[in-house]
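Everything on this sheet refers to the single structure shown next.
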Amino acid sequence: MSEQQLGKSGKILGILERLNAGEVVIGDGGYVMQLERRGYVKAGHYTTEAAVEHPEAVRQLHREFLRAGANVMQTFTFYSSDDKLELGGMSDHVTGKQINEAACDLAREVANEGDALVAGGLSQTPSYVDSHSELKVKAIFRKQMEDFLMKDIDFFIVEYFRHVEEAVWAVEVLKTSGKPIAATLCISPEGDLHRVPPGECAVKLVRAGADIVGINCHLDPLTCVRTVKLMKAGLQKAHLKAHLMVQPLGFHTPECNHYGYISLPEYPFAMESRAMNRWDMQKYAREAYNAGIRYIGGCCGFEAYHIRALAEELAAERGFLPAASEKHTLWGAAMETHSKPFVRARSCREYWENLLPASGRPKCPSMATPQDE
């Protein structure tokens, strides 16, 4: 644990205390896609009952992210509202309250093994699209909020919202908790699904009460950083201030389509061909930092070694390396002692920064045609 993360009383600093002090906060990675691959989550609705049914799997993934350098353990509560569980056919087996409580316990258990904070995560609801009822949707968020407050999470993350209006409703509800709020949208540089521009989205979220705003999921890191820059510009134009965060996909999506990766033909079962490598992640971390973003993490496709890459790239700014770097030398330096000279040549930054990786698939195109175009 770094001295930065402890206050004068010896207590772990909160999210806003860290960001206000200029600290770089490393978020965790993606859970639902990894746990689907490991056999604990069902693709489609991607509900998170594994927090109740297979807590050991969720706990292990938390630990991998913590060891890789994450400062935040986000609760495994994606799509855990009761209306989403009913839509996914899980409401007869588990409730949102059971998932929320179990996920909070798991996140706190692992967070206490290091210096991490626990973020209670809320995501968009089917009820917004079905009813467009502010009263109904806010009631769902309020119910989730009460579950999280019973477990005394450190702050909230409003994430994976395609419509800024719904995200604003979530922020307005959570503001009554007194806890810090981060709000991220899964939108493109073109804006949300109602074409509200990113800058305007950021202004709406901050005016609703968000302390941290940004982008998560749907598109690749550099595209998401570009969208956060647009949010930053919107806030500056409105003379508003907020911390910035980004938690993008761990996949290449050069198509930069408005609906994101879900409309790519490879989604969800063949995304591996688009996976980013650790050197891509180091470039992303530097781009995000240079853009003024200080909460930097990942979403779907981000594995523990990706989070380690973020932490290693920003080690000078953070003042330390993560525990997982004990088994990893920077920029391939461990290759210096390899018996083959052509492998030894790969033990430097210049080699990996300039590499153009082959896909190994001669007949595959480099880009696809998104089905929302």
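FYI, the numbering just counts along the sequence from 1.
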Flag side-chain contact, heavy atom, 4.5 Å: [X] against [Y]:
| X | Y | value |
| --- | --- | --- |
| F302 | M276 | no |
| L117 | R18 | yes |
| N216 | P248 | no |
| Y289 | V24 | yes |
| E303 | F65 | no |
| Y284 | V246 | yes |
| Y31 | H62 | yes |
| L244 | I212 | no |

Under a 3.5 Å distance rule, please check whether [X] uses its side chain to pair with a backbone N or O of [Y] as donor and acceptor.
| X | Y | answer |
| --- | --- | --- |
| R344 | T337 | no |
| E255 | M367 | no |
| T227 | T223 | yes |
| T47 | E49 | no |
| D83 | S127 | yes |
| H258 | D192 | yes |
| K175 | G209 | yes |
| D280 | N277 | yes |
| E166 | Q124 | no |
| D28 | A70 | no |

- request: Go through the steps for H218 and Y160 under the test side-chain hydrogen bond (donor to acceptor under 3.5 Å, both in side chains), then give the verdict.
  value: CA-CA 9 Å; H218 264 212; Y160 201 80; 3.1 Å; yes
message: Please report the interatomic distance CE(M245) to CE(M231), rounded to the nearest 0.5 Å.
response: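 Between atom CE of M245 and atom CE of M231 there are 10.5 Å.
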Separation between CG of L219 and SG of C186, rounded to the nearest 0.5 Å: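 Between atom CG of L219 and atom SG of C186 there are 9.0 Å.
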Nearest non-hydrogen partners of [X] and [Y], listed with the distance:
| X | Y | answer |
| --- | --- | --- |
| I215 | C224 | CG2-SG, 3.6 Å |
| A116 | L66 | CB-CD1, 3.8 Å |
| Q144 | S81 | NE2-N, 3.8 Å |
| L264 | P370 | CD2-CG, 4.0 Å |
| C217 | C300 | SG-SG, 3.8 Å |
| E266 | S273 | CG-OG, 4.4 Å |

Pair [X] + [Y], salt bridge at N-O below 4.0 Å:
| X | Y | answer |
| --- | --- | --- |
| R142 | E146 | no |
| R37 | E272 | yes |
| D152 | K179 | yes |
| D82 | K143 | yes |
| E113 | R67 | no |
| K42 | E53 | no |
| K237 | E200 | no |

Membership question, hydrophobic clusters at under 4.5 Å side-chain separation (ILVMFWY): are [Y] and [X] in the same one?
| X | Y | answer |
| --- | --- | --- |
| L240 | I293 | yes |
| I26 | L321 | no |
| I140 | L174 | no |
| W331 | M281 | no |
| V196 | V158 | yes |

message: Would you call the rings of F141 and F161 parallel, tilted or perpendicular, taking 30° and 60° as the class edges?
response: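 The arrangement is tilted - the two ring planes meet at 30° to 60°.
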query: Does a sphere of radius 6.0 Å around NZ in K283 hold more than 12 heavy atoms from other residues, nucleotides or ligands, not counting ones at 6.0 Å or beyond?
result: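 Open.
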- prompt: Does atom NZ of K138 have more than 12 heavy-atom neighbours, drawn from other residues, nucleotides or ligands, at distances under 6.0 Å?
  reply: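 Counting neighbours around NZ of K138, more than 12 heavy atoms of other residues, nucleotides or ligands fall under 6.0 Å, so yes.
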- request: Check the side chains of H132 and E165 for a donor-acceptor pair under 3.5 angstrom, ignoring hydrogens and angles.
  value: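 Note: E165 and H132 side chains meet the donor-acceptor criterion.
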message: Could you tell me if E64 and Q60 have a donor-acceptor pair between their side chains, going purely by distance under 3.5 Å?
response: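 Note: Q60 and E64 side chains meet the donor-acceptor criterion.
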For R349, all residues meeting salt bridge (Lys or Arg N to Asp or Glu O under 4.0 Å), sequence neighbours excluded: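 R349 satisfies salt bridge (Lys or Arg N to Asp or Glu O under 4.0 Å) with E353 once adjacent residues are dropped.
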message: If you apply the rule salt bridge (Lys or Arg N to Asp or Glu O under 4.0 Å), what do you find for R108 with D154, and how did you get there?
response: CA-CA 10 Å; R108 180 63 71 190; D154 297 304; 3.1 Å; yes
message: Tell me every residue that passes ring-ring contact (aromatic ring centres under 6.0 Å, His included) with H163, counting only those two or more places apart in sequence or in another chain.
response: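 Only Y128, H194 meet the ring-ring contact (aromatic ring centres under 6.0 Å, His included) criterion with H163.
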- request: Step by step, work out the salt bridge (Lys or Arg N to Asp or Glu O under 4.0 Å) result for E317 and R286.
  value: CA-CA 11 Å; E317 288 79 6; R286 185 54 54 190; 2.8 Å; yes
Y79 six-ring face occupied by K84 cation (under 6.0 Å, within 45°):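 Geometry flag: set, cation within 6.0 Å and 45°.
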- prompt: Does NZ or CZ of R308 lie under 6.0 Å from the centre of the six-membered ring of Y305, at an angle within 45° of the ring axis?
  reply: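 No, a cation-pi geometry is absent between R308 and Y305.
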field: Evaluation steps, side-chain contact (heavy atoms from CB on, under 4.5 Å), between E134 and E172
entry: CA-CA 11 Å; E134 181 177 355; E172 288 174 346; 4.1 Å; yes
Residue pair Q247, T184: steps toward the side-chain contact (heavy atoms from CB on, under 4.5 Å) verdict: CA-CA 8 Å; Q247 299 207 109; T184 57; 5.8 Å; no
ring-ring contact (aromatic ring centres under 6.0 Å, His included) partners of residues 226-253, not counting sequence neighbours, each pair once: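 Non-adjacent pairs meeting ring-ring contact (aromatic ring centres under 6.0 Å, His included): zero.
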message: Pair T77, T75 - check side-chain hydrogen bond (donor to acceptor under 3.5 Å, both in side chains), show working.
response: CA-CA 5 Å; T77 51; T75 57; 2.8 Å; yes
query: Stepwise, does the side-chain hydrogen bond (donor to acceptor under 3.5 Å, both in side chains) test hold for R346 with H338?
result: CA-CA 10 Å; R346 301 169 190 167; H338 200 279; over 6 Å; no
field: Derivation and outcome, side-chain contact (heavy atoms from CB on, under 4.5 Å), residues C104 and I153
entry: CA-CA 7 Å; C104 285; I153 51 94; 3.7 Å; yes
task: List the steps and the verdict of side-chain contact (heavy atoms from CB on, under 4.5 Å) for F76 and V41.
output: CA-CA 11 Å; F76 186 53; V41 166; 3.8 Å; yes
